[in-house]
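Excluded from the calculations below are hydrogen atoms, water molecules and symmetry mates; all remaining heavy atoms, backbone and side chain alike, are included. On a predicted model such as this, the values are computed, not experimentally measured, just so you know.
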Amino acid sequence: MAIVAAFDDPALTARLTAAADASCRLPADFVGSAVRNFVDTASDDLWTQLIGLMNRAQDPSLAAVRAILEKTLSGR
């Protein structure tokens, strides 16, 4: 959960917590599942968008996880 705290975004953290609670999982498990699902199912366009976002970010890994979570949580 340290990576989620690094976002310094209480709204995203609240959405993550609510989604994890709704699925009866820990937030860390939800994050891992979201990342795994992206890796397994993302289209070439989504990968291209993610790579572009990472190239512009100061912390590419943090930007990637945040983008994946935003995408996952927006579909709920």
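Annotation: ring pair (Phe, Tyr, Trp, His ring centres under 6.0 Å) contacts involving residues 44-69, sequence neighbours excluded, comprise Phe38-Trp47.
Every residue two or more places apart in sequence or in another chain that forms a salt bridge (Lys or Arg N to Asp or Glu O under 4.0 Å) with Asp40 is listed here: Arg36. Residues forming a side-chain hydrogen bond (donor to acceptor under 3.5 Å, both in side chains) with Ser61 (at least two apart in sequence, or on another chain): Asp59. Scored by the side chain to side chain contact (heavy atoms under 4.5 Å, CB included) test, Asn37 finds Thr41 as partners (sequence neighbours excluded).
For the atom pair Leu50 CG and Asn55 CG, the distance stands at 9.5 Å (nearest 0.5 Å). Rounding to the nearest 0.5 Å places CD1 of Ile51 at 11.0 Å from CG of Leu46.
Here the closest heavy-atom approach between residue Leu69 and residue Ala34 is recorded as CD2-CB, 4.2 Å. For the pair Met54 and Pro60, the tightest heavy-atom approach, listed with the atom from each and the gap, is CG-O, 3.6 Å. Considering all non-hydrogen atoms of both residues, Leu53 and Ala63 come closest at CD2-O, 3.5 Å. Taking all atoms of both residues into account, the shortest heavy-atom contact from Arg56 to Gly52 is NH1-O, 3.1 Å.
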Show me the donor-acceptor pairs, under 3.5 Å and distance only, between side chains in residues 1-18 and residues at least two apart or in other chains.
residue, atom, partner, partner atom, Å
Asp9, OD1, Ala11, N, 3.2
Asp9, OD1, Leu12, N, 3.1
Asp9, OD2, Arg66, NH2, 2.4
Thr13, OG1, Asp9, O, 3.2
Arg15, NH1, Glu70, OE1, 3.2
Arg15, NH2, Glu70, OE1, 3.4
Thr17, OG1, Thr13, O, 2.9

